[in-house]
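The next block holds one structure in the form of structure tokens; read it before the comments.
Residue numbers start at 1 and run along the sequence shown.
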Amino acid sequence: MNYRIEHDSMGEVKVPENKYWGAQTQRSKDNFKIGSGIETMPSEIIHAFGVLKKAAAIANNKLVNNRMTDEKLSVISSVCDEIMQGKLSEHFPLVVWQTGSGTQSNMNVNEVVANRGNEIASKKLLHPNDDVNMSQSSNDTFPTAMSIAAVLGIEDRVIPAVKTLVETFKKLEKENEGVVKSGRTHLQDATPIAFSQEISGWRSSLEKDIKMLEKAADELKELALGGTAVGTGLNAPEGFDIEVARAVSEITKKDFKTAENKFHALTSKDELVFAHGALKALAADLMKIANDVRWLASGPRLGLGEIFIPENEPGSSIMPGKVNPTQCEALTMVAVQVMGNDAAIGIAASQGNFELNVFMPVAIYNFMQSVRLISEAVISFNNNCAAGIKANKEKMHSNLHNSLMLVTALNPYIGYENAAKTAKKAYKENISLKEACVSLGFLTEEKFDEVFKPESMI
């Protein structure tokens with residue numbers, strides 16, 4: 001491999017000739033060999049840096065045109081566009097496990113923009129600190145990148161995925177109107193419910209999750225950019241924070257604004273905790289829904305067997321013909337991971353000391369993993385499982401009419417205690433509720449038939 005010599009304030013460093021990064025990136029790459037080179041800074045953060053560096057150049061060009069010239073703005077914008085398009089991903093090698101402020105990733109972006117920009121300009125036009133990092137500090141750029149990445153992840157990935165599953169459940173509700181089955185509480189038989197009602201519970205949970213995610217995304221739209229090192233805005237021109245937030249909004253088509261209190265924006269990660277709490281709530285609902293589906297599909301002969309789900313792949317290397325609810329299993333594993341990520345994010349957010357939180361990379365790494373996993377798992381579950389759910393109406397009818405909890409319909413006519421005696425006798429002697437009730441003398445056959453109508457109990 002051929003190398004070139006780059007330098008920073010600490011001296012000279014050898015850098016691979018075919019890479020755009022510079023000395024500070026190379027030092028970080030050499031000093032933090034943690035995570036086997038796999039747990040690198042999320043691509044969403046690199047994309048967000050492309051957004052904010054372009055926005056910063058636009059704001060600086062408007063406010064300090066003598067320093068951020070039109071030529072510099074044009075070149076920086078071109079490189080940032082390449083970053084946002086994912087064309088330069090190989091030039092961002094740094095791992096998550098680095099400085100807790102994300103300084104080295106900020107400098108990685110600065111160096112790549114400067115070196116690639118100078119290549120485009122065919123001259124030494126840009127300096128990573130003086131030009132690309134103008135009016136900024138790692139301490140305000142990294143939390144800004146976090147906010148941008150989190151908002152785009154929630155609004156453009158998670159919410160659309162969940163809405164797709166909501167639409168599938170709406171379709172299933174309509175298809176299963178009038179299909180009555182046994183309800184269940186405590187994993188025990190309960191009074192009847194329409195299958196469409198059961199599905200509506202799943203749908204409504206997801207709709208509420210969407211509302212919480214939308215609120216959480218709004219809270220993340222306040223940007224730290226303009227606070228620079230400690231929140232005072234040192235070395236940033238007056239109005240930079242407002243202009244840069246406006247530019248970020250124009251680039252992303254999202255309604256970002258500058259944070260009112262930059263001291264809070266740099267050191268507190270409460271909005272991220274709140275937003276991930278909404279992701280955790282979604283994960284909890286998805287866990288419940290996936291468990292319901294696999295319970296209802298259990299069998300095929302010895303379980304509940306009340307629904308059919310798509311048979312996607314063989315389920316066993318030893319048991320021929322076995323098919324498992326694999327999409328449910330994948331979704332529930334993702335839910336577990338998201339819940340674990342929530343703990344890491346909460347602890348990381350609690351570690352703001354004085355004017356800066358230095359657990360930002362691990363916080364956003366876990367957050368973006370949750371975003372990716374949950375959005376992809378929901379789409380997979382929708383396409384490969386939920387969309388193919390079919391009611392086993394015969395089994396539902398059989399289970400319904402075999403349920404002892406239908407005795408609840410008799411409470412108004414024979415009282416709770418006599419109804420309990422009826423159910424216990426029917427269970428002990430393996431006879432029908434009608435036979436038990438009549439033999440105990442609580443109702444005549446004619447009266448029983450008159451009041452005992454399971455399908456009307458929903």
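- Taking the six-membered ring for Trp and thresholds of 30 and 60 degrees, F195 and W202 have ring planes more than 60 degrees apart, a perpendicular arrangement.
- Look at K163 and E207 and you find no salt bridge, because none of the NZ, NE, NH1 or NH2 atoms lies under 4.0 Å from a carboxylate O.
- Of the options V51, V244, I148, a side-chain contact (heavy atoms from CB on, under 4.5 Å) to F256 is made by I148 and by none of the others.
- With hydrogens and angles left out, the side-chain atoms of N341 and S370 include a donor and acceptor closer than 3.5 Å.
- Side chains of E271 and H276: a donor-acceptor N/O pair is absent below 3.5 angstrom, by distance only.
- Judged purely by distance below 3.5 Å, without hydrogens or angles, the side chains of N133 and N106 pair a donor atom with an acceptor atom.
- The 12-atom threshold is not exceeded at CH2 of W295, counting heavy atoms of other residues, nucleotides or ligands nearer than 6.0 Å.
- Of the charged side-chain nitrogens involved, at least one lies within less than 4.0 Å of a carboxylate oxygen, so that K54 and D81 count as a salt-bridged pair.
- The pair E173-K170 does not meet the salt-bridge criterion, since no charged nitrogen lies less than 4.0 angstrom from a carboxylate oxygen.
- Note on D285 versus K208: no salt bridge recorded, every NZ/NE/NH1/NH2 to OD/OE distance being 4.0 Å or above.
- With hydrogens and angles disregarded, no donor-acceptor distance shorter than 3.5 Å links the side chain of S403 to the backbone of L400.
- At least one donor-acceptor pair closer than 3.5 Å links the side chain of E111 to the backbone N or O of Q24.
- No salt bridge links E214 with K211; every basic N to acidic carboxylate O contact stays at or beyond 4.0 Å.
- N261 places a side-chain N or O within donor-acceptor distance of the main-chain N or O of H264, the cut-off being under 3.5 Å.
- Checked by atom type, the side-chain pair K53/Q136 shows a donor-acceptor distance below 3.5 Å.
- Atom CD1 of I307 and atom NZ of K393 lie 14.0 Å apart (nearest 0.5 Å).
- At distances below 3.5 Å, at least one donor-acceptor pair connects side-chain atoms of S298 with backbone N or O atoms of L304.
- For E222 and S147, the side-chain atoms include no donor-acceptor pair closer than 3.5 Å.
- Distance alone, capped at 3.5 Å, places no donor-acceptor pair between the S380 side chain and the A377 backbone.
- Checked for salt-bridge contact, R184 and E306 meet the test: a charged N lies under 4.0 Å from a carboxylate O.
- Put simply, the side chain of N108 never gets that close to the backbone of T25: no donor and acceptor are under 3.5 Å apart.
- A salt bridge is defined here as a Lys NZ or Arg NE, NH1 or NH2 lying under 4.0 Å from an Asp or Glu carboxylate O, and R157 with E376 meets this definition.
- Between D140 and K262 no salt bridge is recorded (no basic side-chain N to carboxylate O distance below 4.0 Å).
- Residues N399 and S182 bring no donor and acceptor atom of their side chains to less than 3.5 Å of each other.
- The pair K215-D218 does not meet the salt-bridge criterion, since no charged nitrogen lies less than 4.0 angstrom from a carboxylate oxygen.
- Ionic pairing of K322 and E311 is not present here: no N-O contact between side-chain nitrogen and carboxylate oxygen is shorter than 4.0 angstrom.
- Looking only at atom types and distance, the side chain of N115 has no donor-acceptor partner in the side chain of E119 under 3.5 Å away.
- Between the side chains of N324 and T326, not a single donor N or O lies within less than 3.5 Å of an accepting N or O.
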